[in-house]
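Just so you know, these numbers come straight off a predicted model, no measurement behind them.
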Amino acid sequence: MGPLAWAICCLVGGLLLLEGSASVPRLRLSYRDLLSANRSAIFLGSQGSLDLQAMYLDEDRDRLFLGGRDALYSLRLDQAWPDPREVLWPPQPGQREECIRKGRDPSTECANFVRVLQTYNRTHLLACGTGAFQPICALITVGHRGEHVLYLEPHTVESGRGRCPHEPSRTFASTFVGGELYTGLTADFLGREAMIFRSGAPRPALRSDSDQSLLHDPRFVMAARIPDNPDQDNDKVYFFFSETVPSPDGGPGHVTVSRVGRVCVNDAGGQRVLVNKWSTFLKARLVCSVPGPGGAETHFDQLEDVFLLWPKARKNVEVYALFSTVSAVFQGFAVCVYHMADIWEVFNGPFAHRDGPQHQWGPYGGKVPFPRPGVCPSKMTAKPGRPLGSTKDYPDEALQFVRAHPLMFQPVRPWHGRPVLIKTNLAQLLRQIVVDRVEAEDGTYDVIFLGTDSGSVLKVMALQAAGSAEPEEVLLEELQVFKVPTPITEMEISVKRQMLYVGSQLGVAQLRLHQCETYGRACAECCLARDPYCAWDGASCTRYRPSLGKRRFRRQDIRHGNPAVQCLGQSQDEKASGLAATRVYGTEHNSTFLECLPKSPQAAVRWFLQRAEDEGPDQVKTDERVLQIEQGLLFRRLSRLDAGTYTCTTLEHGFSQTVVRLALEVIVAAQLDSLYPGGPRLEEPPTRGGLASALPKAWYKDILQLTGFAHLPQVDEYCERVWCRGIGEHSGSFRSQGKQAKGKNWAGLLLGKKVKSRGQAERNRTPREVEAT
Ligand SMILES: *[C@@H]1O[C@H](CO)[C@@H](O)[C@H](O)[C@H]1NC(C)=O
Ligand SMILES: *[C@@H]1O[C@H](CO)[C@@H](O)[C@H](O)[C@H]1NC(C)=O
Ligand SMILES: CC(=O)N[C@H]1CO[C@H](CO)[C@@H](O)[C@@H]1O
């Protein structure tokens with residue numbers, strides 16, 4: 001076996017072990033489900049697409065600011081986005097033409113794509129855009145709290161070089177700290193000069209030293225100020241990014257690695273060395289990997305997104321990072337969590353050193369100068385008679401050292417040494433991550449929201465089971481936020497409002513973190529959902545509030561989702577088993593379909609048939625004639641022996657529930673033939689307007705005759721339901737067939753071609769469309 005074949009085999013073998021148990025969501029909600037339940041509200045602008053590049057959630061002002069193509073928007077954080085404000089901001093005069101003349105793409109590059117939106121002061125935002133390949137910045141008046149205004153201050157427009165990339169597509173990160181903008185970007189026209197840049201009066205701008213090869217083709221993901229300790233002199237701005245570096249063992253080729261880098265906020269550059277360049281920049285590798293069989297690690301090296309989870313006390317922030325694999329063989333994603341204490345430890349550890357480009361990296365073993373490179377000037381660096389109040393006072397030796405040793409030797413390892421979540425063989429790519437720490441009855445849970453490249457959001461938990469090394473993945477919901485598949489590029493959370501703000505190139509959506517009633521109206525359904533936001537309160541599935549939890553009756557079981565324990569004696573469940581059967585008809589020798597749509601795709605579906613009152617129910621035997629498919633039971637050719645009462649049950653976490661009961665009657669072929677010597681008249685369905693009068697009443701009377709008048713009320717009711725619902729405005733019926741098929745069905749239905757009943761699912765008002773929307 002060649003080395004490549006070996007690598008592939010072992011990689012794939014290792015990944016088989018990694019596959020999560022439950023990659024089917026407990027609940028899947030379509031775009032239309034979300035809109036009709038008020039779970040989401042979409043803003044696409046007046047043109048139907050914003051070309052969104054930047055999103056800034058401003059919870060102090062209760063506003064959401066958006067940067068688009070040649071425009072800025074301001075939305076108030078209310079349901080359904082009342083009165084949005086828009087400001088047009090095209091490139092400087094002549095710049096668009098100049099951009100085209102230089103050979104850039106007129107539609108995707110030669111416009112002002114707004115990529116920076118940061119709070120400047122209490123009344124203004126700083127905005128920067130690509131300016132058709134000539135970056136520009138300006139101040140935007142947004143008004144005081146409570147006002148809803150948006151104006152561009154034309155006299156403040158100035159060059160945005162170093163503050164915004166030239167192109168809309170290039171990765172970029174920025175943060176605004178103490179009146180200065182920190183950016184990680186490629187700052188030149190050709191996109192070659194990668195740097196970390198700081199700008200803003202009154203201090204002179206500071207940038208990365210270009211001859212230092214500090215950054216290798218970086219993809220910046222995030223930048224943020226994270227205080228190390230209460231002493232503000234120690235505050236640093238951290239950058240999270242990936243790099244493509246020469247192979248670390250001196251071999252040929254390049255590898256992708258992920259990094260955390262940092263600079264001191266009070267860095268002022270050096271006096272003789274590193275003048276107007278960073279004098280405190282250091283970086284370390286972020287490792288996110290799992291051990292495979294035989295000790296070989298599977299690495300997730302490409303950083304996709306980072307979310308900082310600030311605990312209530314605002315110290316010891318936790319870094320949630322989403323990674324992907326860089327392999328051409330397979331696509332995998334992992335979420336790793338890093339504690340700041342572990343990051344600090346690595347920055348306090350040995351520096352990486354090698355004697356030359358062909359040598360291996362090792363820990364630097366010599367004497368490290370004082371003040372230790374990378375340390376911010378503060379009381380700690382001051383010594384009697386030696387103020388060291390600024391990096392300009394640092395000895396040249398210390399600056400030379402940091403210039404030669406920007407990389408730490410040790411990598412930062414994730415908490416527990418492994419990812420909390422691994423996703424392989426996904427149909428979608430994962431792009432964004434946001435995390436909410438939720439208090440539930442039996443503990444605190446981190447709910448992870450993942451934005452995909454197909455316009456959906458996955459709501460996931462990683463449960464650390466006692467005694468098991470591997471966390472259990474609980475995929476709570478899959479929410480199709482955008483109508484058409486489009487990569488999610490921005491995601492912000494408002495814990496205060498319990499909302500997620502989701503951005504794609506098309507526009508933004510406001511999405512509720514939870515909607516407990518969607519899980520159903522029974523205690524068992526609420527419990528099986530295992531959603532830490534929700535609990536059974538004795539009457540319905542509602543938002544769990546820890547403060548009230550002690551006094552009120554609350555049923556919740558996140559860890560096990562076991563309704564048998566939690567919902568004992570909760571009458572709603574017992575009702576289900578006594579569910580009355582709905583009468584349905586099928587014709588002999590024809591195909592018939594019995595629908596059963598369990599609320600959760602995770603549930604195992606079983607069908608039982610009871611032929612006579614005095615017989616017990618038997619599990620339905622399936623073969624090539626009777627098929628059990630995802631949506632129900634399909635009889636390809638109905639036999640008169642198929643008549644009886646069918647019960648569809650689901651089994652989930654050892655808990656069995658009845659979803660639907662259908663009493664199937666078989667109309668014998670001979671009876672039909674005698675009624676319609678020339679075959680059944682399958683007329684075109686009546687149009688919607690003439691529905692009531694045009695229905696061939698005689699025709700359905702014929703069926704009554706066939707079945708005997710004893711069943712009159714049920715048949716009547718059945719026809720009523722099928723006709724009025726199926727053909728009318730109720731788009732929820734005949735879902736899997738799309739609009740075209742809707743009208744045609746009424747005839748087939750009576751002849752038993754396709755029998756639909758939503759049974760219990762009907763009673764719970766959530767329309768769940770299979771139809772691709
Ligand atoms: C959704 O919200 C609108 C307005 O906020 C309201 O009129 C409507 O009744 C709500 N619908 C549901 C299903 O809650
Ligand atoms: C914010 O900055 C702008 C521009 O410098 C200035 O005009 C405005 O008065 C400032 N607002 C506040 C509240 O300081
Ligand atoms: C709708 C449908 O498929 N009808 C068929 C039912 O079966 C008879 C023969 O038994 C056919 O003639 C019909 O076309």
Side-chain angles (χ1 to χ4, degrees), residues 53-56 58 60-61 65 67 72 89 92 112-131 134-142 151-166 170 172-188 193-210 214-215 218 220 222-228 232-241 261-271 274-281 376-378 389-392:
Q53 301 283 332
M55 183 169 95
Y56 174 52
D58 187 340
D60 294 332
R61 295 190 185 91
F65 297 104
L72 291 155
W89 189 18
Q92 297 295 88
N112 184 29
F113 295 94
V114 178
R115 302 200 63 184
V116 176
L117 289 172
Q118 300 280 353
T119 284
Y120 183 73
N121 61 22
R122 287 217 313 277
T123 51
H124 287 68
L125 288 190
L126 171 69
C128 303
T130 60
Q134 193 177 83
I136 43 175
C137 290
L139 291 181
I140 314 293
T141 307
V142 295
Y151 303 112
L152 186 107
E153 304 275 5
H155 65 274
T156 63
V157 177
E158 58 180 6
S159 165
R161 196 130 186 207
R163 296 192 277 177
C164 182
H166 288 68
R170 207 166 273 277
F172 165 66
S174 71
T175 186
F176 197 75
V177 175
E180 293 171 305
L181 185 70
Y182 292 72
T183 49
L185 80 173
T186 42
D188 62 321
E193 207 179 332
M195 64 167 85
I196 288 172
F197 192 77
R198 184 181 72 194
S199 56
R203 293 197 280 184
L206 218 56
R207 49 168 291 169
S208 306
D209 187 1
S210 43
L214 279 182
L215 301 161
F220 288 99
M222 221 254 311
R225 172 181 32 191
I226 304 175
D228 281 7
Q232 283 195 6
D233 284 343
N234 279 317
D235 280 6
K236 299 183 182 75
V237 171
Y238 285 81
F239 286 85
F240 296 89
F241 55 102
R262 66 181 201 184
V263 292
C264 290
V265 169
N266 61 10
D267 193 334
Q271 189 65 39
L274 295 177
V275 179
N276 292 335
K277 311 262 170 71
W278 296 108
S279 62
T280 55
F281 176 80
C376 309
S378 72
S390 158
T391 51
K392 286 191 190 293

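- Under the 6.0 Å cut-off for aromatic ring centres, F220 and F172 do not qualify, their centroids lying 6.0 Å or more apart.
- The backbone N or O of P377 lies less than 3.5 Å from a partner atom in the side chain of N266, making a donor-acceptor pair.
- Closest of all the heavy-atom pairs between T391 and G269 is OG1-O, 2.9 Å.
- Between the CG atom in D235 and the OH atom in Y238 there is a gap of 9.5 Å [rounded to 0.5 Å].
- For the residue pair F239 and A173, the shortest heavy atom distance occurs at CE2-O, 4.5 Å.
- SG distance check for C164 and C137: not under 2.5 Å.
- Within the 4.5 Å cutoff, no side-chain heavy atoms of I136 are placed close to those of E158.
- Nearest heavy atoms, N112 versus G131: OD1-N, 2.8 Å.
- Side-chain atoms of R163 do not come within 3.5 Å of backbone N or O of F197 as any donor-acceptor pair.
- The side-chain heavy atoms of T130 and H166, taken from C-beta on, include no pair separated by under 4.5 Å.
- Proximity of L125 to R61: side-chain heavy atoms (C-beta onward) are separated by under 4.5 Å at one or more points.
- Between the T280 side chain and the V263 main chain, no donor and acceptor come within less than 3.5 Å of each other.
- Expressed to the nearest 0.5 Å, how far CD of Q118 lies from CD of E180 amounts to 13.0 Å.
- The shortest side-chain heavy-atom distance between F281 and L215 falls under the 4.5 Å cut-off.
- Looking only at distances, no side-chain donor or acceptor of S378 sits under 3.5 Å from a matching main-chain atom of D233.
- Side-chain contact between R225 and T175 is absent, with no heavy-atom pair separated by less than 4.5 Å.
- Between R262 atom CZ and I226 atom CD1 the span is 10.5 Å, to the nearest 0.5 Å.
- Within the model, atoms CZ of R207 and OG of S199 stand 12.5 Å from one another, a figure rounded to the nearest 0.5 Å.
- Ring geometry for W278 versus Y182: interplanar angle under 30°, hence parallel rather than tilted (30 to 60°).
- The minimum heavy-atom distance linking H124 with T141 is given by the pair NE2-OG1, 3.4 Å.
- Taking CG of N234 as the reference point, atom CG of D228 lies at 6.0 Å (rounded to 0.5 Å).
- No side-chain heavy atom of I140 sits less than 4.5 Å from a side-chain heavy atom of L117.
- Under the 2.5 Å cut-off for SG-SG separation, C376 and C264 qualify: their sulfur atoms lie closer than that.
- Looking at D188, its side chain does come within 3.5 Å of a backbone N or O of E193 through a donor-acceptor pair.
- When side chains are defined from C-beta on, R115 counts as touching P165, because their heavy atoms get closer than 4.5 Å.
- Of all non-hydrogen atoms in A127 and L72, the two that sit nearest each other are CB-CD2, 4.3 Å.
- The CD atom of Q134 sits 9.0 Å away from the CZ atom of R161 when rounded to the nearest 0.5 Å.
- Inspection of the N121 and T123 side chains reveals an N or O donor paired with an N or O acceptor under 3.5 Å.
- Considering only heavy atoms from C-beta on, I196 stays 4.5 Å or farther from T183 through its side chain.
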